Peer 1: 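A single structure is presented below for examination.
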Amino acid sequence: MHWADVLASHLEEERKQVIATGITPSGPIHIGNMREVLTADAVYRAAKDRGLDAEFIYIADDFDHLRKVYPFLPETYEQYVGMPLSEIPCPCGEHKSYADHYLSSFLHSLKELGINPKVYRASKLYKENKYREYIHTALEKTDEIREIIEKVSKRSLSKNWIPFNILCQKCGRLTTAKPVLYEYPYVEYTCECGFEGEVDIRKGGVGKLPWRVDWPARWKMLGVTFEPFGKDHAASGGSWDTGKIIAEKIFDYKPPHNVVYEFIQLKGKGAMHSSKGTAVSAEEMLNMTPPEVLRFMIMKNKPSKHVDFDPGFGLLDLVDEYDEEERVYFGAEEEKKGMKDLRRTYELSQPYNVPSELPVQVPYKHLATVAQIAGNWEDIKTVLKRTGQIPDVLKKGDEERLKKRVEHVKYWLRYFAPKRITFKVQKKTPKIMLSDEQKKLLHSLQKRFSEIKWQADEIHNAVYDASEENRLNAKTAFQTMYQILLGQNHGPRLGYFLSTLEKEFVLKRIEEAVK
RNA sequence: GGGCCUGUAGCUCAGCUAGGUAGAGCGUCUGGCUUUUAACCAGGUGGCCAAGGGUUCGAAUCCCUUCAGGCCCGCCA
């Protein structure tokens, strides 16, 4: 059984299931976070497929404060450290807030992946006073909570600690106001900024529950029954350990079912942390990877499995693997061992509907070549048709899919592809010195090319015949062609490559080169 | 110091929540194909399933211990 179905099988049928995921938009949201959302989405779908009444929600903790000036921020952001992300200006100026800046890009990505949770913003929940009873309860039970946290997490809290971070009315920070006295409904405080005042906890948005308390409070408030979380929360004495006890003892709520997921590493660069700048943002990841393939990467691996995302050659392999499983799914190929839970994995990899028949496939590596030869989609389509890679008449769905893949492969070529696979057809004949032998070879190639049918295998044979005729190593022949077309010694498989170019263009190039 | 995960063929991994004679891809080797960003076809090769112990008629699979690696926590969340 697929892991998502196993997890969903633990959910109770009698009650409504709320599958939750929560991420703090403190920076570009990365693929690691993406795993959380995709894991939740898979369980949500599995729950629905079991006939459960299920809802999928996403809580953006945008009322959390800015920890520090991250490497990707201008230094002027120093002044905002400690303020809620929802109250900090947007870095680009086009969004409502700092939080929204990162959030909107992420939510857009989610849509493309076929993930459509109900979105809650913590800042709104606080300001609209949804936390009121939980803040009240927490403050009434301060001693109990303190005991739980100190005992379970083995750390000691300061004497005047209360489970409430006050938002200083003057400087707007959540981190600098220290409580002096709590007497319902007021908390008196003094702030490092020099301000002294009091807040009325019956009013919304005057402060925030600290994370370890906020999390369980949120479970009850939204009725969360399932939530995946990263191993950082799962460490012993961590927020899950304290959270589940706080949920039961303080808020009288049964902690949600859960799954702990491993992080995704960027191959060769270590773990991705939005705060360390080693992240590839979710948006970038999606720009270079077709959405169904990105989903596939998560779905085929159990959450406990650590995953390396390789934005180099590995990406091509991943797409090939997906395409292969797709062919098997539709019966076009035999299943191989090691394709675990193939059918379910394939289905869960679809952002939206499962295709009704095998989509038209073009090998991704070939697409990477063609995309470098032809400019826009129309040209690429023409080339693919001429070389017989796609049928003359494309169905609408197939066309859209291929077009999208071209966009992804282009983005990849531009920013992530290893140098050795990129090339550019030179508009002008490169200035290179050709030996007499090479010139002779080109002459005979010119003749042969003009006589053959312009297709891969014939071109290939012509090159070989020509080099034999001139008693040249075939390698030299291939290199010569790459030199006059690309200005380099290597290139894509020549037969295919030339067949994607106009015959006239190639002949003319040869003519110019031998001059 | 604590937690989680991982350890199966040269490499990447599947199999482990139904315990029942070791699997795939890649590589390598052989043969074929007049060769190209990691080309294709056919066939062969390859493993004391990290080590030790236990449960069992039977263990890669379950339990315990040890070793090795990765990550996380031990500020805040």
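Every chain is numbered from 1 and lettered A, B, ... according to where its sequence line falls, protein lines coming before strand lines. Values in this document were obtained by computation on a predicted structure and should not be read as measured data.
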Peer 1: From CG of D320(A) over to C1' of A39(B), roughly how many Å is that when rounded to an integer?
Peer 2: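 Nearest whole value for this atom pair: 13 Å.
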Peer 1: Nearest whole Å is fine: how far is C72(B) C1' from D232(A) CG?
Peer 2: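 Roughly 7 Å, once rounded to whole Å.
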Peer 1: With nearest nucleotides of RNA chain B determined for D61(A) and Y482(A) from heavy-atom distances, which residue corresponds to the more 5′ nucleotide?
Peer 2: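 It is Y482(A) whose nearest nucleotide is closer to the 5' end.
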Peer 1: From the options C76(B), G70(B), G2(B), select the nucleotide whose nearest atom is closest to the side chain of E262(A).
Peer 2: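 Nearest nucleotide to the side chain: G70(B).
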Peer 1: Can you check side chain to side chain contact (heavy atoms under 4.5 Å, CB included) on V319(A) and R405(A), steps first, answer last?
Peer 2: CA-CA 10 Å; V319(A) 178; R405(A) 284 210 166 183; 3.6 Å; yes
Peer 1: With a 4.0 Å cut-off on N to O distance, would you call E192(A) and R173(A) a salt bridge?
Peer 2: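 No salt bridge links E192(A) with R173(A).
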Peer 1: From CG of L315(A) over to C1' of U37(B), roughly how many Å is that when rounded to an integer?
Peer 2: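 These atoms are roughly 16 Å apart.
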Peer 1: Which part of the nucleic acid does F497(A) contact within heavy-atom distance under 4.0 Å: base, sugar-phosphate only, or nothing?
Peer 2: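 Nothing, no heavy atom under 4.0 Å.
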Peer 1: On a whole-Å scale, what distance lies between the P atoms belonging to C73(B) and G15(B)?
Peer 2: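 Nearest-Å result for C73(B) against G15(B) at atom P: 28 Å.
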Peer 1: Starting at NZ of K302(A) and ending at C1' of C5(B), how long is that distance when rounded to a whole Å?
Peer 2: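 About 11 Å, once rounded to whole Å.
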Peer 1: Which whole number of Å gives the distance between the P atom of G43(B) and that of U56(B)?
Peer 2: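 These two P atoms come out 45 Å apart once rounded.
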Peer 1: My understanding is that a pair needs two contacts under 3.5 Å, Watson-Crick or G-U wobble. By that rule, which nucleotide pairs with G10(B)?
Peer 2: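 Check on G10(B): paired to C26(B), both distances under 3.5 Å.
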Peer 1: Give me the distance, rounded to whole Å, that separates U37(B) from A24(B) when you measure between the P atoms they each carry.
Peer 2: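 Going atom to atom, P in each nucleotide, I get 27 Å.
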Peer 1: Scan R212(A) against the nucleic acid and name what it touches under 4.0 Å (heavy atoms): base, sugar-phosphate only, or nothing.
Peer 2: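 Contact class for R212(A): none.
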Peer 1: Between G20(B) and U45(B), how far apart are the two P atoms, rounded to whole Å?
Peer 2: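 Between the two P atoms, the distance is 25 Å.
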Peer 1: Rounded to whole angstrom units, what separation is found between the CG atom of L342(A) and the P atom of A24(B)?
Peer 2: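 That distance rounds to 17 Å.
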Peer 1: Glycosidic conformation of A42(B), syn or anti, with 90° from 0 as the boundary?
Peer 2: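 Judged by the O4'-C1' to base torsion, A42(B) sits in anti, the angle falling more than 90° away from 0.
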Peer 1: Using the C1' atom in both, what is the distance from A22(B) to A14(B), to the nearest Å?
Peer 2: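 Straight-line distance between the two C1' atoms is 12 Å.
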Peer 1: Please tell me whether E87(A) and Y80(A) have a donor and an acceptor in their side chains that are separated by less than 3.5 angstrom.
Peer 2: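 No, no side-chain donor-acceptor pair sits under 3.5 Å.
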Peer 1: Which of these nucleotides, C4(B), U37(B), C76(B), is closest to any side-chain atom of R67(A)?
Peer 2: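 Nucleotide nearest to R67(A)'s side chain: C76(B).
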Peer 1: Mind checking who C49(B) pairs with, Watson-Crick or G-U wobble, both distances under 3.5 Å?
Peer 2: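 By the stated definition (distances under 3.5 Å), nothing pairs with C49(B).
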Peer 1: Could you tell me the separation between the CZ atom of R344(A) and the C1' atom of A14(B), rounded to a whole number of Å?
Peer 2: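 Going from R344(A) (CZ) to A14(B) (C1'), I get 20 Å.
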Peer 1: Between D241(A) and K154(A), does at least one N-O distance fall below 4.0 Å, as a salt bridge requires?
Peer 2: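 No salt bridge links D241(A) with K154(A).
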Peer 1: Return the nearest nucleotide to the side chain of A235(A); candidates are A14(B), C72(B), C76(B).
Peer 2: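 Nearest listed nucleotide: C72(B).
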Peer 1: When the distance from NZ of K154(A) to P of C75(B) is rounded to whole Å, what number comes out?
Peer 2: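 Distance check: K154(A) NZ to C75(B) P gives 13 Å.
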Peer 1: Would C171(A) and T176(A) satisfy side chain to side chain contact (heavy atoms under 4.5 Å, CB included), going step by step from the backbone distance to the final call?
Peer 2: CA-CA 9 Å; C171(A) 72; T176(A) 47; 3.7 Å; yes
Peer 1: Donor-acceptor pair under 3.5 Å: do we get one between T369(A)'s side chain and the base of U37(B)?
Peer 2: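 Under the 3.5 Å cut-off, the side chain and the base do form a donor-acceptor pair.
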Peer 1: For A18(B) and U61(B), measure between their C1' atoms and round to the nearest Å.
Peer 2: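 Between the two C1' atoms, the distance is 11 Å.
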Peer 1: Hey, which of these two, N301(A) or F478(A), hits RNA chain B nearer its 5' end, going by closest nucleotide?
Peer 2: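 Its nearest nucleotide lies further toward 5', so the answer is N301(A).
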Peer 1: Give a yes/no answer on whether the side chain of K305(A) brings an N or O atom under 4.0 Å of OP1 or OP2 in A14(B).
Peer 2: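 Checking K305(A) against A14(B): at least one side-chain N or O falls below 4.0 Å of OP1 or OP2.
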Peer 1: If you only use heavy atoms from C-beta on, which nucleotide in G2(B), C76(B), C71(B) is closest to the side chain of R155(A)?
Peer 2: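 Selected nucleotide (nearest to the side chain): C76(B).
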Peer 1: Need the pair for C40(B). Rule: Watson-Crick or G-U wobble, both distances under 3.5 Å, any strand; none if unpaired.
Peer 2: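 Partner of C40(B): G32(B).
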Peer 1: Any side-chain donor paired with an acceptor under 3.5 Å for Y126(A) and D214(A)?
Peer 2: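 There is such a pair between these side chains.
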Peer 1: Between C49(B) and A42(B), how many Å separate the two P atoms, rounded to a whole number?
Peer 2: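 Straight-line distance between the two P atoms is 32 Å.
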Peer 1: For the C1' atoms, the ones on C76(B) and on A50(B), what distance do you get once it is rounded to whole angstrom?
Peer 2: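 So the two C1' atoms sit 38 Å from each other.
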Peer 1: How many whole angstroms separate atom NZ of K151(A) from atom P of G2(B)?
Peer 2: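 In whole Å, G2(B) P lies 20 Å from K151(A) NZ.
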Peer 1: Please lay out, stage by stage, how E292(A) and Y346(A) fare under the test side-chain hydrogen bond (donor to acceptor under 3.5 Å, both in side chains).
Peer 2: CA-CA 9 Å; E292(A) 66 276 13; Y346(A) 179 75; over 6 Å; no
Peer 1: Could you please name the partner base of U17(B), counting Watson-Crick and G-U wobble pairs only when both distances are under 3.5 Å?
Peer 2: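 Base-paired to nothing in any strand shown.
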Peer 1: Output the single nucleotide from U37(B), C4(B), U36(B) whose closest atom is nearest the side chain of Q372(A).
Peer 2: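 Selected nucleotide (nearest to the side chain): U37(B).
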